[in-house]
Each structure stands twice: as structure tokens, then as C-alpha cells.
Amino acid sequence: MRVLSVASEAYPLIKTGGLADVVGALPAALAHHGVAMTTFLPGYPALAAVTGNAKVVHRYDDLLGVEARILEARIGEHPLLVLDAPSLFTRGGGPYGDATGADWVDNWLRFAAFSRAAADLASGVVEGQDFDILHAHDWQAAMAPAYLRYAPGPGTPAKTIVTIHNIAFQGRYGAEIFADLALPDAAFALDGVEYYGGVGFLKAGLEAADAITTVSPTYAAEIRRGEFGMGLEGLINVRADRLTGIVNGIDPAVWNPATDATLPSSYTARTLTRRRANKRAVETLYGLDRDDGPIFTVISRLTWQKGMDVLVAEIDELVALGGRLALLGSGDAALERAFLAAAERHPDRIGVRIGYDEPVSHLLQAGADAILIPSRFEPCGLTQLYGLAYGCIPVVARTGGLADTVIDANEAAIAAGVATGIQHDGITPEALSHALRRTFALYARPDRWAMLQRNAMRADFSWDESGRRYATLYSNLLERA
Ligand SMILES: Nc1ncnc2c1ncn2[C@@H]1O[C@H](COP(=O)(O)OP(=O)(O)O[C@H]2O[C@H](CO)[C@@H](O)[C@H](O)[C@H]2O)[C@@H](O)[C@H]1O
């Protein structure tokens with residue numbers, strides 16, 4: 001079975017968040033299940049390293065008005081196709097915006113063209129490229145199923161899946177762009193690409209896809225409600241029979257404390273004392289006091305989704321209770337300023353690094369005692385999975401994938417020997433305060449804390465089971481044909 005995985009990021013080539021980790025891990029995860037996956041990415045400058053000598057498999061004179069080529073390369077051991085369209089993708093800044101963080105004004109064109117090319121690949125336009133399934137991730141790829149529905153190429157169109165990694169990002173534009181999408185007029189319809197009078201990329205994909213997935217069962221249920229569906233709950237409910245939640249796995253080649261070459265000290269569940277050297281390295285890097293109390297970490301986009309404003313409100317209490325905090329992240333300017341101000345108030349107790357740093361994120365998971373994830377919504381969440389694997393106990397809001405992957409350390413779960421973290425209900429300073437106090441109480445009992453760490457590290461979040469579930473979904477779609 002051949003699958004084209006279409007996404008705007010993939011680790012290790014280009015990453016701004018969890019989407020990249022998942023897209024980067026899927027080819028290996030699916031290979032175990034007899035699926036040959038090719039990844040399709042936009043040709044950002046960061047991809048130049050792998051497209052240097054790439055073979056050109058297709059040329060466009062006019063892909064929604066721009067010149068472009070499709071290049072054949074590799075991502076690790078797996079096949080990669082790249083849309084080389086310099087006028088759309090060769091620019092500084094990030095994949096979605098300029099260096100100041102402002103979105104590119106032509107994002108609709110960039111990702112419509114990318115999706116048009118994906119639809120071409122999935123319907124026989126490009127010789128030698130045949131796919132049974134097109135698997136589109138998030139709004140940037142979601143127009144691909146819509147193009148296949150309304151304007152496919154000459155071959156049998158692939159079956160389609162749209163995976164929602166975050167329904168908050170929808171790719172919503174004014175009606176005026178419709179004329180430039182090269183779609184038939186009939187596509188501008190209630191069950192087509194039209195969305196509240198404009199054009200909705202994610203909406204169009206969810207209407208057109210043969211199957212819809214999201215990245216945890218709880219989030220799949222949550223997005224059927226207004227509170228989480230962000231305007232798409234009606235559509236999600238109508239198509240609920242096509243929706244499943246498949247929890248993300250973690251890539252053991254990248255996230256394994258026993259083999260992680262970026263760490264000062266590698267370790268396993270049996271050699272937890274070896275974590276101490278990593279904790280000392282965190283203290284040094286962040287200029288924190290050296291003591292035996294817990295170090296909390298945050299590795300996150302600093303946004304409202306992630307509940308960071310609530311953490312700001314609780315930060316002085318965290319310090320008053322004897323905690324320290326090592327934060328790595330970037331995002332909303334006001335939140336960045338608030339965390340930096342907290343670090344100024346408590347220079348020896350709070351360290352803040354604004355920015356994006358992959359090796360530091362590994363060190364924090366390996367050296368901090370607990371990771372705080374007070375998200376208002378969390379489709380799956382990966383940092384709690386990395387925390388579990390590294391014995392960095394997740395303290396999380398009971399929502400989405402966080403609810404599905406962390407087992408709260410209540411007395412029953414402790415007695416049964418299955419607890420892996422701490423959950424709180426509601427994203428309020430009071431709820432977070434209560435969770436912090438519970439964390440301190442557990443940490444004060446070294447036997448209990450070590451048990452939590454061992455349980456966490458032994459929990460299985462490899463891709464085995466989730467890979468199997470995607471493979472089954474693909475097979476079912478083909479059988480339905
Ligand atoms: N400053 C920094 N420096 C280095 N690394 C950093 C960093 N800030 C974040 N990261 C890394 O970026 C990733 C973030 O993953 P999350 O799952 O938290 O998702 P995100 O909200 O981006 O993604 C969405 O998609 C994913 C994938 O499906 C879902 O898990 C999630 O719920 C959903 O919101 C992790 O690998 C983390 O270590």
C-alpha cells in the first residue's frame with residue numbers, strides 16, 4: 001500500500017511544533033505494517049540540504065499562477081517529494097511567517113498550490129508516482145482532498161484522510177481568494193470550500209475527506225462540542241461516523257533516555273540516580289540555586305492554548321513552596337515578558353530561555369523533575385509523552401490527549417502501581433495551585449516519586465499500536481472502494 005503524507009513540516013527537516021514530530025515519525029511507524037509512505041513537503045530553504053541533487057519528477061509552468069517543480073529526495077531512509085516553488089517558499093523567516101512572526105499574506109496561495117500539487121500526485125498526474133491513500137495533515141494540506149474531489153487528475157484518485165492536529169488553526173480566508181484557487185464554481189458551496197461566507201481550508205478538507213482523524217480519542221469527542229470545535233463542531237458531528245482518535249506515539253530513535261546522545265548522563269528506569277547529573281546541568285544552564293527540591297520545566301509555545309497565563313499567576317507560589325522553574329519557549333510577547341519579569345523577581349529560582357532549542361528541550365526532560373502542561377485544550381500533546389519516557393513527571397490539565405496518556409496519582413492508582421503523573425480539572429490558578437501542592441507532597445516521599453518515575457518510563461507510547469491503527473484505517477478505506 002502506498003501512502004502520500006502531506007504536511008507543512010516534518011522533523012528533522014523543518015519543525016515549529018508537534019506536527020513535525022508526528023509527520024517525521026509516521027513513515028517508520030507505518031513501515032512495520034506494510035505501508036510505504038512518501039512524505040510531501042513545501043520547498044523551504046531548510047530543505048536545500050536534501051534537495052541539492054534531487055531528481056525533478058514534474059514541472060509546472062502554471063501552478064495556480066506560479067512556476068514550480070516536484071523534486072524527489074529522501075527524509076532519513078524514507079522517500080520524500082518536495083514542491084520547489086521559489087516564489088512561494090524561498091524566503092527568510094519561518095514556514096508560516098516572517099522573522100517578526102507575522103503570517104505571510106499569501107499563505108492561502110502557498111498552501112493552496114501545495115495542496116493542488118499533492119492532489120496531482122494522488123491522481124496520476126505525475127508519471128511514476130502512484131498512491132492509494134493521500135493523508136493530509138492540518139489546514140495547510142487540507143485543500144488536497146478538496147482538489148481531488150472537485151478537480152482530480154486523469155488517474156483513479158487516492159482515498160483521503162485529514163488528520164486534525166489542532167482545530168484552532170483553520171486556514172480561513174475571504175471569499176475573494178476563491179477565483180484564484182482554480183476550482184469549479186460548484187465548489188463554493190455549503191458542503192464544499194465555503195465557510196461562513198469565505199473560504200475555509202480545513203473545513204473544505206473535512207468535507208471532502210473519506211476519513212477524519214485527530215490525535216487522541218478524548219479530543220475526538222471534545223471537538224464535537226462548541227467549546228472545543230471552534231466553529232467546526234456542526235460539521236464534525238455530521239461526519240462523526242468518519243472520525244477516529246489515534247493517539248500520537250514517540251519516536252524512540254529521537255526520544256530515549258538510554259541512548260540520547262545529547263544528554264550529559266544517559267539512564268534507564270533502573271538507573272534513575274544517573275538523572276542527577278542532568279539536573280545539575282539544568283541548574284548550571286539556567287543559573288538556578290543548587291538544592292534537592294524539585295525543578296519544574298515548561299517546554300512550550302507560550303500561548304493561551306497552553307494555559308501559560310495561568311502558570312504566570314501561580315509562579316510566585318511555585319517558588320514559595322520551594323520549587324524552581326526552568327522554562328524554554330516562545331510565543332505571545334506579553335507572556336514572554338511576564339515570564340522574564342518572574343525570572344527577574346526570583347533570579348535563582350526561575351530561569352527563562354526565550355527561543356527554540358531542540359537539545360535544551362532534551363536536557364530539560366532528562367534533568368527536571370516535573371513538566372507543567374496546564375493546557376486549555378490539547379489535541380494530543382507530545383511533551384507529556386517525552387516527560388513520561390524521561391521520568392520527568394507530567395503535571396497536566398485533564399483534557400484531550402493529556403487525559404488519555406497520563407494516569408493521575410490518586411491513592412487508588414498509587415496502590416495499584418499504575419500512576420504516572422498528576423492531573424488537574426479546570427485551568428484556574430486554584431486548580432494549578434492544588435496540583436502543585438500534590439506534586440510537592442509526592443516529591444517529599446522519595447519512594448513514591450521513584451515509583452511514579454518508573455511507572456512513567458515503562459508506559460508504552462511507542463508507535464507500534466498507533467501505527468497499526470493508521471494501517472488498519474488505510475486498509476478499511478481501500479476495502480470500502
Ligand atoms: N522552545 C522550544 N524549543 C524546543 N522544542 C520545543 C519548544 N517548544 C516546543 N517544542 C517542541 O515542540 C513540540 C510541541 O509538541 P506539542 O505536542 O506540545 O504540540 P503543538 O501544540 O505544537 O502541536 C499540535 O500537534 C501535536 C501533534 O499532533 C499535538 O500533540 C498537539 O496537541 C497539538 O497542539 C515538542 O516536540 C516540544 O518538545
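We count ligands from 1, going down the list as the structure has it; atoms in each ligand are counted the same way. These numbers come from the heavy atoms of this one structure, side chains and all, not from hydrogens, waters or symmetry mates. Note that the structure is predicted; figures quoted are calculated from it, not measured.
The backbone of D357, and not its side chain, has at least one atom closer than 4.0 Å to an atom of ligand 1 (non-hydrogen atoms only; backbone = N, CA, C, O). Of all the heavy atoms of T16, none lies under 4.0 Å from any atom of ligand 1, so neither backbone nor side chain is involved.
A salt bridge links K279 with D369: the closest approach of a Lys/Arg side-chain nitrogen to an acidic carboxylate oxygen falls below 4.0 angstrom. Between R149 and E207 there is no salt bridge, since no side-chain nitrogen of the basic residue lies less than 4.0 Å from a carboxylate oxygen of the acidic one. Ion pair K159/D132 not flagged as a salt bridge, since none of the NZ, NE, NH1 or NH2 atoms sits closer than 4.0 Å to an Asp/Glu carboxylate oxygen.
In summary, the atoms of ligand 1 found under 4.0 Å from a heavy atom of H165, numbered by their order in the structure, are 24 (C), 25 (O), 27 (C), 28 (O), 33 (C), 34 (O). If you number the atoms of ligand 1 from 1 as listed, the ones under 4.0 Å from a heavy atom of G329 come out as 1 (N). In the vicinity of Q305, heavy-atom distances shorter than 4.0 Å reach the ligand 1 atoms 34 (O). Residue-ligand proximity, V22 to ligand 1, at heavy-atom distances under 4.0 Å covers atoms 27 (C), 28 (O). Applying the 4.0 Å criterion to heavy atoms of L19 picks out, from ligand 1, the atoms 25 (O), 27 (C). Near N166, meaning under 4.0 Å from any of its heavy atoms, are these atoms of ligand 1: 34 (O). Contact atoms of ligand 1 toward P379: 32 (O), 33 (C), 34 (O) (distance under 4.0 Å to a heavy atom of the residue).
The shortest contact between atom 38 (O) of ligand 1 and any protein heavy atom is with T383 CG2, 3.7 Å. K306 NZ, 3.3 Å is the protein heavy atom nearest to atom 18 (O) of ligand 1. Of the protein's heavy atoms, E378 OE2, 3.2 Å lies nearest to atom 34 (O) of ligand 1. Scanning the protein for heavy atoms near atom 22 (O) of ligand 1, the closest one is G18 N, 2.9 Å. In terms of protein heavy-atom proximity, atom 1 (N) of ligand 1 is closest to G355 O, 2.8 Å.
With N455 contributing its side chain and T420 its backbone, the two residues share no donor-acceptor pair below 3.5 Å. The backbone N or O of A397 sits nowhere less than 3.5 Å from a side-chain atom of R376 that would complete a donor-acceptor pair. E336 places no side-chain N or O within donor-acceptor distance of the main-chain N or O of A334, the cut-off being under 3.5 Å. The backbone N or O of H137 sits nowhere less than 3.5 Å from a side-chain atom of H135 that would complete a donor-acceptor pair. Distance alone, capped at 3.5 Å, is enough to place a donor-acceptor pair between the T271 side chain and the T268 backbone. Between the side chain of D404 and the backbone N or O of T218 there is at least one donor-acceptor pair closer than 3.5 Å.
Taking a 4.0 Å cut-off on heavy atoms, G401 fails to register as neighbouring ligand 1. A heavy-atom separation below 4.0 Å is found between Y386 and ligand 1. Ligand 1 does not have Q365 within reach: every non-hydrogen atom of the residue lies 4.0 Å or more from it.
One option in G381, G17, S361 has a heavy atom closer to atom 29 (C) of ligand 1 than any other, and that option is G381. Ranked by closest heavy atom to atom 21 (O) of ligand 1, the top entry among R301, K15, H362 is R301. For atom 5 (N) of ligand 1, the candidate residues are W255, Y219, Y356; the nearest heavy-atom contact is made by Y356. Taking all heavy atoms of I250, L382, T405 into account, the minimum distance to atom 17 (O) of ligand 1 is reached by L382.
Scanning all heavy atoms of the two residues, the minimum distance from L13 to A46 falls at O-CB, 3.7 Å.
Relative orientation of the Y470 and W463 rings is tilted, given thresholds of 30° and 60° on the angle between their planes.
Between F440 and F296, the gap from one ring centroid to the other is short of 6.0 Å. A centroid separation of less than 6.0 Å is found between the aromatic rings of Y173 and F201.
Ligand 1 has no nitrogen or oxygen under 3.5 angstrom from a nitrogen or oxygen of V215.
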